[in-house]
Each structure stands twice: as structure tokens, then as C-alpha cells.
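Structure record follows, encoded as C-alpha cells.
We're numbering straight along the sequence, starting at 1.
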Amino acid sequence: MANAEHRGRPAEAFPATAVGDTGTRLHTVRLGLWLLAAVLAVRQVAAVLTSPRGERLTDLETWFGHDGVLQVSGSLYESTRFTGTPFGGLVLKPLTRSAEQALGWGWTFGTLLLVVALGLIVARALPQPVGRRTVLLAAPVAVSLLMLSLPVRNTLWLGQTSIIPVLLVLLGCFVARGQRAGGILIGVAAALQPTLLLFAPLLWFTGRRRAAAASGTTFAAGTVLAWAALPRDSYTYWVHHMAGVGLGGRADDLANQSLHGALLRLGVEGPLEIGLFLLVGAAVATLGLRRAVRYAHDGQLLLAVAITGCAAIAVSPTAWQHQLLWVLLTLVGTVGTRASDRLVWPVAVVLVMTLPAPMTLPNMAALHPVRDNIVLLAALAAATVIPFLSRTSPYFRAPVPTRYADPVPTRLRYVPLPPFLRRVLTRPNLLLELLLIRVTYAAYSKVRLAATGGRERAEEHARQILDLERLLHLDIEYAVNHAVVQIGWLRNFFDFYYTSFHFAVPLTVLGLLYWRHPVDYRWARASLGFATLLALLGFWLYPLAPPRLMPNLGIIDTVHGVQDFSKPDYGALTALTNQYAAMPSLHFGWSLWCGLVIAIIAPRMWMKALGLLHPLFTVAAIVATGNHWVLDAVGGALVVAAGFGLTYLLQGPRARVVTAATAVTGTAPESTGATGAMHAKPPGPAPTPPVQEEPARK
């Protein structure tokens, strides 16, 4: 989804057949996206309804009683699983008993329909004007993102009602005819989630005062009605809950992504915590509402609604994860003056809202406060500091374009060059790179850990490798391992080299390329990514026990110590990594990639030679420490060669340096290297994109 219209040459400049082909492709892509949304919906339904009772729809089960739904004796809040308002309980009271299974199916499919309705309203509410591509693709993209988001997945799994308030607010702002009808819908949403009453001042300050009055009146009427019908539960909710006691679990639980929960997790308690919560919450609400009003006057009402929702998340006493959809809606905002910066905020939001926190940030003690509150931090950032562009900004629809090298013909006629691998000449956004590298590595680690294959199969493959090495006279592992063990300083050197340089050197090379050679950075990063992907296939298809884990072979594990071969899992060691991910050796593969990149790019011969020493030391270390067979290194070399080959096939030859822009822009060249450069047009002073621009964000 995007607030930017797809720009380029006008349709009249193209032949009619080209316009028709473009329309056909758009409709095909749209159909594919709707099919993707349908597959995601079916997957979510299957995951919920095929799970055992007691593990799914646990919040929905709080409505079940011996005599029917909500026909339970005592208070609603005697069960810690019910966290709704008394008004919410009152609304659902008329539901009579039906079969539990039928209610579960109906609730799940009803929730899916609400998600689809939410996506359609969001697509309809995008600021006008929008391009034809956005009009066609916004709805399926919105529904797919909602299906993937953690709030929707948790709502389906728990049987929650948290989508209903969000949908009511959007209906009131964008669908309802007349201010009074819209205000009533928002008032009902506030009666279900009281902090949504923040939308009343948003309506007031944007000129919809009748809607603001109607929302406040509806909220008050619903709350009074629930108090009259359920006085004890109302007292519990409005006194104990609003005083910070919390419902449905401990208020400092990681699922409570509000300021109150964050302060408790940081160890602030008592009157100090309450005072800080009220003070910071008031500041967030005030600043968030001011920003929301400004963007509403700017014609970005959907962004204003999303910002207000993010402020409501922060100031709520409890904001459980299934209530955090407002953060996802901030994707409609446009951030960044350069085309290369436009993806940073959308990618960050999608990662935060679709992936568990441990995948977005490393498991380091210093980062735990950030990781534990990452959704709250995203909501706070959206509400208070993210510089969303105004529609009056010259960069809103015409960001500073990205420079590309001259296009090259495909290497093979039947293998096209993917547009996302175009040879960009400018430095990519650093934050976006770090996000993608972190998430890619987290996914790589999970796949690598999952591709175990079993101990017997891994040992059988190891015997095959050993037999082949004996045939080729390459079985030197035992001799090298025992020779190194006899020399203390050499053993310590190889142990240190094996454990320390595997990550440090590739990250250093990538960092230097990013800073000094941004053109080569993209080429090198793509080749490393392809090599790692091929290695994952090897781990999955051919699990292999390393020499140190082969019984009766006599190899000494110099790094981890003696292994207990009677335990298939090898104790805590296997919990850290997959012990059978040995073929191909990425220890050697990544080191060979580093050596080749340095040898290609380094300007001096001694630098090239030093770079090539790294894979030589690495292959010696992996054999000497008993962690790999010699043929594992051969496999690592093959996947690296394939990675460079795929990059050449799909991207073309490595782009050379462009320095002509220096004279125009007065900036230093972004890279230095070989002559014979391919030139791209330097950007002019006006931010008008050329024909070769980055595709508009959906």
C-alpha cells in the first residue's frame, strides 16, 4: 500500500497494445494476490480448528457455561481469561447456547470476514489521487498483510474480539453516512476499548463536532447501561483495572505492549510508576493527537486514524498483542525524501507486526528492554516522531531518484534479469540493510536448526563421505587433527580462528563495501545470499555428521571438548546449532567469498594476497578442529561459485564506478574502482524521477 501514485510516461506515449498488456499483467497480479490472501486465510483456519480443545479459542471458551453462553454464575472476572469491558459482556449476553464446535467455526469464519472487510476499507481510504496499480492491488495486499500479522493470528487463535473495535472506528470514519452515524460507531468501539475515546477529540479538532459529541454520548450510554446491568463487574473493571491491577494476567507480561506494562517490566512500581504512566501517557496522547489533526487536515485521514490508534495503545493500562492492529495501519504513511529510503518504515512495521520479537533483534541482554517492548516502541514512534511526509511536500510523489547503471542484455534469452536485482549505483539505506540482514540470518538459523535429518542418517552420510575421501586419498582429517592437538599454541590458534572469524570477517567485508564501494556491495551481497540459500538446501537434503561426532573414528573435538556419543542430542550443544549441517561448509564458503571479493576489489596486491589467506587458514581450522571433512570445503566452494554465477546470470556483470556525478552534485564519489565505467544520469536539482525509477511501493 502506498500514498504515492505510480509515475512514468503518460499512457498516451505507449502503444495501445502495451497499455493492454500492462492492464492484463496488473489483473493477473491482482488475482494472484487474492489467491495468496485466500491461502493464508485457509491456513489460519486450519491451524485453529485442527488444534486440540483447550489449546485454541481459549478466550472464547470464557463465554461457555453449563446453561449457555455467558450463563455463568458469579463475576465475569472470576476467570482471568476475560479481559473485555462490562459493556462487551453485556453485548454478548443475548447469545444463547449452541454447540461449542459450531460456535467455534462460526466465530473463526466471522473473524475472517471482519479481516477482509477491514482490508477493503483500508484500501478504499487511501488518500486520493492514487494510481491505477494501487487501486487494483491495495485491497489484496492489505488483506494478505492483515492475515500475516500477529494481532490477527492471535485473535483467531484465542477467539478474541479485538478486530471489532478497529473495524467500527474505520466504518465510522470512512463508510458511515452522516456525522451522527459515524460518531455512534466510534462510541461503541470506545465502549469496547475505552482508550479509543481518543478519537473523539480527533473528530472535534477536524471539524466533525457532531460526530465527536455522538461518540462521547454513545460511550457514556453504553458504559452506564453496563453498570446498571453488571454493577459488580463494572466496579471491578473501572476501579481495579483502571487503577493498574490488570485483567487476564499480570500487567507486566510481555504481551502487554503499553506504557504501563513497559514501566512495570523496567522495575518501576507503586506511586512513581503511576505518576510516570500518567505523565508520559498524557504527553503521548497530546502529541499524537496534534500530529493526527495535522495529517487529517493534510488529506491523510487514514494515517491520522492510525496515529491516534497508536497513541491509544500507549496510554491503555493493558494493550495485549491482539489489540495492536493500529501499528500495521501506519504503513499508509510516506517516509523519506529518497526513493531508496521509502521501504525502511514499511519493512520495519511488517517485520515487527508479523515476526516474533526474537527474530527482529539478537538475543543480547543489552537489547532485551528494546526487544520486550518492540511493538510499543513502534507505536510510540508512529504516534510521536516518525516524519511522515505531507502531501504538499515536493518529495511526496517525486522522491529523489535512485541511480542505476546502464542496462545490460540478459545472459541467456530464457532467463530474464530480475528488476529487484538492477545494478544500483547509490548506497542503500543502512537501517533497511540491517533489518534485512538480521531477519534473513534469523530465518537461516531456524531453517538450519530444523534440517537435522536424524543421527543415523547423518552418520550414514558421513561414512559415504569418508569412503569417497579414501578413494580420492583425501582422508587427512585424523592425521591433521592429532598433529595439531600435540602443539598447544597451534591448537589454540585454530580454535580461536574457527570460533571468532566466521562471522567477524564477512560482516567486516560487507561493512567496508557498504561504506567505500556501495556499487560492489549490492553485487557481493547478492552472491553471498545465493550461496547461503544453496547451502541451506544442502543442509536439508544431505545431513552430515562431522568427524568429531563420528564414533570409533578417534577425532578429537578441540573446540567443544569430548562428546558423549550415547546421547543423540549431544546435550546443550545441539540446542545452539544443528550439528549435522556440515555439507557444504559455510565456514569455508563464507571465508572463500570474503577472499574472492577482496581479491577482486582490493586495489593493492598485498591486500589481495591477505584476503586469500583467510580461506586457507579457515580450511585448515575446520579440518584441524574436527568440525568438517575435506569434501565439506569442496561443497562450500561449489555453492560460492554457484552464488557468483547466479548473480551474474540474474543481475548481469558487476557494475563499475560512476564518478561523473561529482561535478554536478559537488559530492564525493560513492565508490572507486576500475576504469571503463558504465555511466548513469546524475540526479538533477529537482526531485523528478527518471524513467528508470524504483517501482512504487504497494
CA sep, side-chain torsions, deciding dist, call: Y648, W523, ring-ring contact (aromatic ring centres under 6.0 Å, His included): CA-CA 9 Å; Y648 179 80; W523 160 78; over 10 Å; no
Cation-pi geometry met for R427 and Y521 (6.0 Å, 45°): no
Any Y580 side-chain heavy atom under 4.5 Å of L544 side chain: no
Under 3.5 Å side-chain donor-acceptor pair for S585 and W629: no
Donor-acceptor under 3.5 Å (H614 side chain, G595 main chain): no
Value rounded to 0.5 Å, distance of CG in L466 from CG in L474: 11.0 Å
Steps toward side-chain hydrogen bond (donor to acceptor under 3.5 Å, both in side chains) verdict (H587, Y497): CA-CA 11 Å; H587 257 85; Y497 206 94; over 6 Å; no
CD1-CZ distance between I556 and R548, expressed to the nearest 0.5 angstrom: 13.5 Å
R463 CZ: over 12 foreign heavy atoms closer than 6.0 Å: yes
NE2 on H628 to CD on E477, rounded to 0.5 Å: 11.5 Å
N/O donor-acceptor pair under 3.5 Å between N373 side chain and L376 backbone: no
Minimum side-chain heavy-atom gap V375-V352 below 4.5 Å: yes
Side chain R423, main chain D406, donor-acceptor under 3.5 Å: yes
Whether R265 side chain and D253 backbone form a donor-acceptor pair below 3.5 Å: yes
Pair R457 + E460, salt bridge at N-O below 4.0 Å: no
Reported CG-to-CD1 distance for the pair D520 and I601, which is rounded to 0.5 angstrom: 4.0 Å
Approximate separation, where rounding is to 0.5 Å, of L40 CG and S149 OG: 10.5 Å
F496 atom CZ, over 12 foreign heavy atoms within 6.0 Å: no
Value rounded to 0.5 Å, distance of CG in N627 from OG1 in T558: 7.0 Å
